[in-house]
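A note on names: the letters A, B, ... follow the listed sequences, proteins ahead of strands, and every chain is numbered from 1.
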Protein chains: 2
Amino acid sequence: MPSPDRISQTLTSHELRQTPVRRAVLQVLLDSSYALSGHEIEERIGADTDRITLYRTLKTFEDSGLIHRVVDTSDIVRYASCSIECSAHEHFDNHVHFKCTNCHHIYCLNQVAIPAVTLPAKFEAKTRDYLLAGVCRECTP
Amino acid sequence: MPSPDRISQTLTSHELRQTPVRRAVLQVLLDSSYALSGHEIEERIGADTDRITLYRTLKTFEDSGLIHRVVDTSDIVRYASCSIECSAHEHFDNHVHFKCTNCHHIYCLNQVAIPAVTLPAKFEAKTRDYLLAGVCRECTP
DNA sequence: TTATTTATGCAACAATATTGCATAATCAAG
DNA sequence: CTTGATTATGCAATATTGTTGCATAAATAA
Ligand SMILES: [Mn+2]
Ligand SMILES: [Mn+2]
Ligand SMILES: [Zn+2]
Ligand SMILES: [Zn+2]
């Protein structure tokens with residue numbers, strides 16, 4: 001669990017203003033061991049925050065390199081905190097994601113790099129997303 | 001462009017009833033060189049079809065192994081036609097997808113297999129999705 | 001042709017997301 | 001600490017995407 005100082009420092013280093021909503025959202029995402037949907041974040045930060053503000057906060061964080069989207073086979077967008085070196089200029093999240101079909105959590109496997117592929121001519125890749133689905137560590141007997 | 005016979009045969013071989021909506025949706029997906037969202041399919045088959053029927057048709061097709069979902073970094077679900085060997089029993093779509101940041105189309109790169117990764121202990125993967133983003137063949141100068 | 005099964009369309013609803021605008025909060029300057 | 005410029009927030013209204021129940025129409029099998 002990161003200290004309040006850590007939260008403030010992170011906001012400052014990404015040139016973002018300190019606000020209660022931003023601190024709460026960032027805290028929630030840093031505390032979670034798996035990616036969270038907008039709804040799940042909403043639940044965790046309490047019902048007194050406007051959903052619109054939350055969406056705008058998530059967009060700001062994503063643009064600033066604080067969090068990254070986690071693709072899902074469903075139509076729900078999830079977010080997870082980024083590695084320390086991500087910035088507004090560029091994201092460096094080259095890890096695979098794992099979705100458990102039992103507990104439905106999506107984990108960032110930060111230690112597993114996305115392997116490169118050879119593309120057909122004239123296709124030039126800039127970013128990659130790799131999502132595995134199966135049974136996670138917690139749900140394996 | 002597949003002939004009407006091809007469409008009918010495909011429906012029959014997957015044990016699905018012949019209906020105008022199903023033929024239209026399948027035709028549209030087979031004709032497209034990239035994955036389509038529900039809205040895009042709706043536009044192509046004409047406004048006289050109910051959106052609810054379209055969603056149910058897409059679900060039926062997915063369950064029957066006629067089409068597969070294409071994950072996107074956005075919150076929109078897209079569909080593309082499956083390879084010939086997919087069935088209600090199992091899908092065999094092991095190819096990567098490529099999203100163009102210029103034209104926004106998502107292509108099935110059927111010739112590029114998804115590379116395997118080594119997972120941490122007690123993670124057991126059943127399915128994989130690999131999405132690249134960059135500039136596609138059509139948009140490369 | 002008739003009977004059975006299944007797909008469709010409508011209504012109503014739910015969940016997720018976006019925009020404009022007035023107000024409140026943040027932060028930098030003095 | 002106070003002031004003023006800038007930016008975030010909250011509300012209202014709206015858009016988009018997807019779902020469920022149910023009566024009717026259509027497709028297939030007998
Ligand atoms: Mn991640
Ligand atoms: Mn595909
Ligand atoms: Zn699990
Ligand atoms: Zn393109």
* Structure fact -> Quick note, Pro20(B) side chain, CB onward, closest among dG9(C), dA27(D), dT17(D) is dA27(D)
* Heavy atoms under 4.0 Å, any strand shown: does Thr57(B) hit a base, just sugar-phosphate, or nothing? -> sugar-phosphate
* Asked: Mind checking what makes ring pair (Phe, Tyr, Trp, His ring centres under 6.0 Å) contact with His95(B), not counting sequence neighbours?
  -> His68(B), His97(B)
Please write out the pairs of protein N or O atoms and N or O atoms of nucleotides 27-30 of chain C separated by less than 3.5 Å, giving the distance to one decimal.
from	atom 1	to	atom 2	distance (Å)
dC27(C)	OP1	Gln18(A)	N	2.5

Contacts under 3.5 angstrom, residues 47-58 of chain A side chains, donor-acceptor by atom type, not counting sequence neighbours:
from	atom 1	to	atom 2	distance (Å)
Asp50(A)	OD2	Ile52(A)	N	3.2
Thr57(A)	OG1	Thr53(A)	O	2.7

* Does Thr53(B) have a side-chain nitrogen or oxygen under 4.0 Å from the phosphate oxygens OP1 or OP2 of dG9(C)? -> yes
* Path from Phe98(B) to Leu36(B) over hydrophobic side-chain contacts below 4.5 Å -> yes
* Asked: Reckon Arg22(B) touches a base, only the sugar-phosphate, or nothing at all at heavy-atom distances under 4.0 Å?
  -> sugar-phosphate
Solution key, residues 117-140 of chain A side-chain donor-acceptor pairs under 3.5 Å, sequence neighbours excluded:
from	atom 1	to	atom 2	distance (Å)
Tyr130(A)	OH	Pro115(B)	O	2.6
Thr140(A)	OG1	Cys136(A)	O	2.9
Thr140(A)	OG1	Lys122(B)	O	2.9

* Global bending angle along the helix from dT1(C)-dA30(D) to dG30(C)-dC1(D), which compares the axes of five pairs at either end, to 10 degrees -> 40°
* Structure fact -> Of the listed dG18(D), dC11(D), dG9(C), the closest approach to the Val77(B) side chain comes from dG18(D)
* Of the nucleotides dG10(D), dT16(C), dC10(C), which one has an atom closest to the side chain of Asp50(B)? -> dC10(C)
Pull out every protein N or O sitting under 3.5 Å from an N or O of nucleotides 21-24 of chain D, one pair per line with the distance.
none

* To do: Could you please name the option among dT9(D), dG9(C), dT18(C) that lies closest to any side-chain atom of Tyr55(A)?
  => dT18(C)
